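Report on the structure given below.
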Amino acid sequence: MSTSPNVTFNDGNQIPQLGYGVFQVEDDVAEKVVQQALAAGYRHIDTAKIYGNEEGVGRGIAASDVNEKDIFVTTKLWNDDQGYESTFEAFDRSAERLGLDKPVDLYLIHWAQPENKRYLDTWKAFIKLQKQGKVKSIGVSNFPEEQLREIVEETGVTPAIHQVELHPFFNQEDIRRVNAELGIATEAWSPLGQGGEVLQEKVITDIAEKHGVTAGQVVIAWHLALGNVVIPKSVTPERIVENFKSLDLKLTDAEIQSISGLSREDGRIGHDPSETM
């Protein structure tokens with residue numbers, strides 16, 4: 001069985017580059033698919049308070065044959081819980097739902113929410129959580145460049161990772177460049193796009209045919225080649241295994257460039273992080 005390579009954070013901790021996401025997975029289903037993902041070889045599970053499945057993820061980990069210490073777990077603080085004191089309360093509830101016998105590996109601010117101006121106090125609370133040993137690494141998700149730079153400049157603590165919408169139609173070259181400049185790892189959510197459009201793109205299907213693999217495997221291999229941490233989601237057992245086998249696919253430089261060239265200005269499918277939800 002293949003194993004995912006690790007990406008090393010600026011705090012010295014490591015995250016498996018290929019993980020398993022559970023966005024829009026119901027709690028009882030999450031318990032089952034997390035076990036399937038771990039059996040397939042994944043050692044990195046990504047959830048969030050707003051997904052409503054932290055308990056299911058925790059049960060799936062507990063029921064797995066894989067030692068909990070070998071599983072990297074990410075969860076996220078939701079927008080309504082931002083603020084200094086409220087962050088500690090929200091984290092404790094997430095940790096209780098996960099039910100882990102270890103610190104949470106990674107805690108993320110889910111959205112910057114710029115107009116609410118609570119992200120800085122929230123980040124200060126994250127720093128304290130890490131110092132208390134409740135969280136191993138801290139990071140952000142969906143932060144515009146301005147707010148990303150602000151939290152670093154104001155606290156002197158740089159996020160370990162920045163999770164953003166990132167797929168071939170929206171490759172986030174600018175924010176990836178900023179992340180690299182600051183020493184922040186980049187993580188892709190919605191890595192395969194949405195609605196199947198990315199997977200039907202001729203550039204990608206031609207590469208898939210050439211290698212005898214699926215379009216999804218090509219896109220995941222592209223993310224891995226760029227150095228992105230990537231968390232594809234599927235509740236289909238065969239697809240869970242198939243996605244993990246993307247680790248075995250090596251694309252040429254020309255193939256990587258051709259996929260990167262698919263990015264477009266109107267490629268965003270999610271919310272704009274510069275706007276408060």
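Because the structure is predicted, anything quoted here is derived from the model rather than measured.
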Checklist entry - Passes side-chain contact (heavy atoms from CB on, under 4.5 Å), V33 versus Y20? Steps please. => result CA-CA 10 Å; V33 295; Y20 179 71; 3.2 Å; yes
Next on the checklist: Tell me whether E96 at atom CD has more than 12 heavy atoms from other residues, nucleotides or ligands lying less than 6.0 Å away.
Outcome noted: no
Checklist outcome for this item: In terms of heavy-atom contacts, P191 and P168 come closest through O-CD, 3.9 Å
Item to check | Side-chain touch H110/Y51, heavy atoms, less than 4.5 angstrom | outcome: yes
Item to check | Test item: side-chain donor near acceptor, S137 and N13, under 3.5 Å | outcome: yes
Item to check | I204 and L262, any side-chain heavy atoms less than 4.5 Å apart | outcome: yes
Checklist entry - Going hydrophobic residue to hydrophobic residue with side-chain gaps under 4.5 angstrom, can you get from I175 over to V7? => result no
Checklist entry - Going only through I, L, V, M, F, W and Y residues with side-chain contacts under 4.5 Å, is there a path from L77 to F72? => result no
Item to check | Heavy-atom donor-acceptor pair, S64 side chain to G60 backbone, under 3.5 Å | outcome: no
Item to check | Validation row: Q113, Y119 side chains within 4.5 angstrom (heavy atoms) | outcome: no
Next on the checklist: Test side-chain contact (heavy atoms from CB on, under 4.5 Å) on L120 and T155; report intermediate values, then the result.
Outcome noted: CA-CA 9 Å; L120 181 55; T155 67; 3.9 Å; yes
Item to check | From L100 atom CG to K69 atom NZ, the distance as rounded to the nearest 0.5 Å | outcome: 12.5 Å
Checklist entry - Are K117 and E150 within salt-bridge range, i.e. N to O under 4.0 Å? => result no
Checklist entry - Under 4.0 Å between a Lys/Arg side-chain N and an Asp/Glu carboxylate O for E242 and R239? => result yes
Next on the checklist: Just by distance, no angles: are the side chains of W111 and T276 close enough, under 3.5 Å, to form a donor-acceptor pair?
Outcome noted: no
Checklist entry - Under 4.5 Å between any side-chain heavy atoms of E89 and D92, yes or no? => result no
Item to check | Donor-acceptor contact present, side-chain H167 to main-chain V198, <3.5 Å | outcome: no
Item to check | Ionic contact status for D27 with R59, cut-off 4.0 Å | outcome: yes
Checklist entry - Any side-chain donor paired with an acceptor under 3.5 Å for E54 and T75? => result yes
Item to check | Non-hydrogen atoms of G83 and T122 that approach each other most closely | outcome: N-OG1, 2.8 Å
Next on the checklist: Would you say V178 ends up clustered with F170 if hydrophobic residues are merged whenever their side chains have heavy atoms under 4.5 Å apart, either directly or through other cluster members?
Outcome noted: no
Checklist entry - Where do V135 and F91 come nearest, in terms of heavy atoms and distance? => result CG2-CE1, 3.4 Å
Checklist entry - Short question: side chain of H44, backbone of I15 - any donor-acceptor pair under 3.5 Å? => result no
Next on the checklist: Atom CG of residue position D65 - does it have more than 12 heavy atoms of other residues, nucleotides or ligands inside 6.0 Å?
Outcome noted: no
Item to check | Distance (rounded to the nearest 0.5 Å) between L108 CG and N142 CG | outcome: 9.5 Å
Next on the checklist: Any donor-acceptor pair under 3.5 Å linking the side-chain atoms of N179 with those of Q172?
Outcome noted: no
Item to check | Check: E165 side chain, W189 main-chain N or O, donor-acceptor pair, under 3.5 Å | outcome: no
Next on the checklist: Between H211 and Q217, do the side chains contain a donor N or O and an acceptor N or O under 3.5 Å apart?
Outcome noted: no
Item to check | Polar side-chain atom of Q17 near backbone of L224 as donor-acceptor pair, under 3.5 Å | outcome: yes
Next on the checklist: Between W222 and S260, does the side chain to side chain donor-acceptor pair (under 3.5 Å) criterion hold? Intermediate values first, please.
Outcome noted: CA-CA 8 Å; W222 169 77; S260 295; 3.0 Å; yes
Next on the checklist: If the threshold is 4.0 Å, N to carboxylate O, is there a salt bridge linking D46 and K76?
Outcome noted: yes
Item to check | same_hphob_cluster(Y107, I45) at 4.5 Å side-chain heavy-atom cutoff | outcome: yes
Next on the checklist: Within the supplied structure, the quantity of interest is the number of heavy atoms (other residues, nucleotides, ligands) at a distance under 6.0 Å from E68 CD; does it exceed 12?
Outcome noted: yes
Next on the checklist: Does any part of the side chain of S4, heavy atoms only, come nearer than 4.5 Å to the side chain of L247, both counted from C-beta?
Outcome noted: yes
Checklist entry - Is a side-chain N or O of N10 found less than 3.5 angstrom from the main chain of P159, in a donor-acceptor match? => result yes
Next on the checklist: With a 4.5 Å cut-off on side-chain heavy atoms, are I231 and F23 touching?
Outcome noted: no
Checklist entry - How are the rings of Y42 and F244 set relative to one another: parallel (under 30°), tilted (30 to 60°) or perpendicular (over 60°)? => result tilted
Checklist entry - Can you check side-chain contact (heavy atoms from CB on, under 4.5 Å) on K245 and V213, steps first, answer last? => result CA-CA 10 Å; K245 289 183 177 179; V213 297; over 6 Å; no
Checklist entry - Strictly by modelled atom types, are N53 and T47 linked by a side-chain donor-acceptor pair under 3.5 Å? => result yes
Checklist entry - Looking only at atom types and distance, does a side-chain atom of T205 sit under 3.5 Å from a main-chain N or O of K202, one as donor and one as acceptor? => result yes
Checklist outcome for this item: In this structure, CG of N79 is separated from NZ of K49 (nearest 0.5 Å) by 9.5 Å
Next on the checklist: What I want to find out is whether E197 reaches R264 closely enough, with some N-O distance under 4.0 Å, to be called a salt bridge.
Outcome noted: yes
Item to check | Short side-chain to backbone donor-acceptor contact, S263 and N171, under 3.5 Å | outcome: yes
Checklist entry - Rounded to the nearest 0.5 Å, how far does OG1 of T214 lie from CG of L249? => result 9.0 Å
Next on the checklist: For a side-chain contact (heavy atoms from CB on, under 4.5 Å) check, start with the C-alpha distance between I207 and K210, then their side-chain angles and the critical distance, and finish with the verdict.
Outcome noted: CA-CA 5 Å; I207 294 172; K210 173 185 172 183; 5.6 Å; no
Checklist entry - Taking atom OG1 of T158 and atom CD of E153, what is their separation to the nearest 0.5 Å? => result 10.0 Å
Next on the checklist: Distance check, rounded to the nearest 0.5 Å: H162 atom NE2 versus I184 atom CD1?
Outcome noted: 7.5 Å
Next on the checklist: With a 4.0 Å cut-off on N to O distance, would you call E181 and R177 a salt bridge?
Outcome noted: no
Next on the checklist: Hydrophobic clustering (ILVMFWY, side-chain heavy atoms < 4.5 Å, transitive) - are F126 and L182 grouped together?
Outcome noted: yes
Item to check | Donor-acceptor under 3.5 Å (S258 side chain, E255 main chain) | outcome: yes
Checklist entry - If you draw a 6.0 Å radius around CD in E26, do more than 12 non-hydrogen atoms from other residues or ligands fall strictly inside? => result no
Next on the checklist: For the NZ atom on K102, are there more than 12 heavy atoms of other groups (residues, nucleotides or ligands in this structure) within a distance under 6.0 Å?
Outcome noted: yes
Next on the checklist: Quick check against the 3.5 Å criterion: does S234 have a side-chain atom that pairs as donor or acceptor with the backbone of T236?
Outcome noted: yes
Next on the checklist: When you compare the side chain of T87 with that of L129, does any pair of heavy atoms fall below 4.5 Å?
Outcome noted: yes
Checklist entry - Cationic tip of K128 within the cone over F88's six-membered ring, i.e. under 6.0 Å and within 45° of the normal? => result yes
Checklist entry - With side chains defined as the heavy atoms from C-beta onward, is the minimum distance between I109 and I138 less than 4.5 Å? => result no
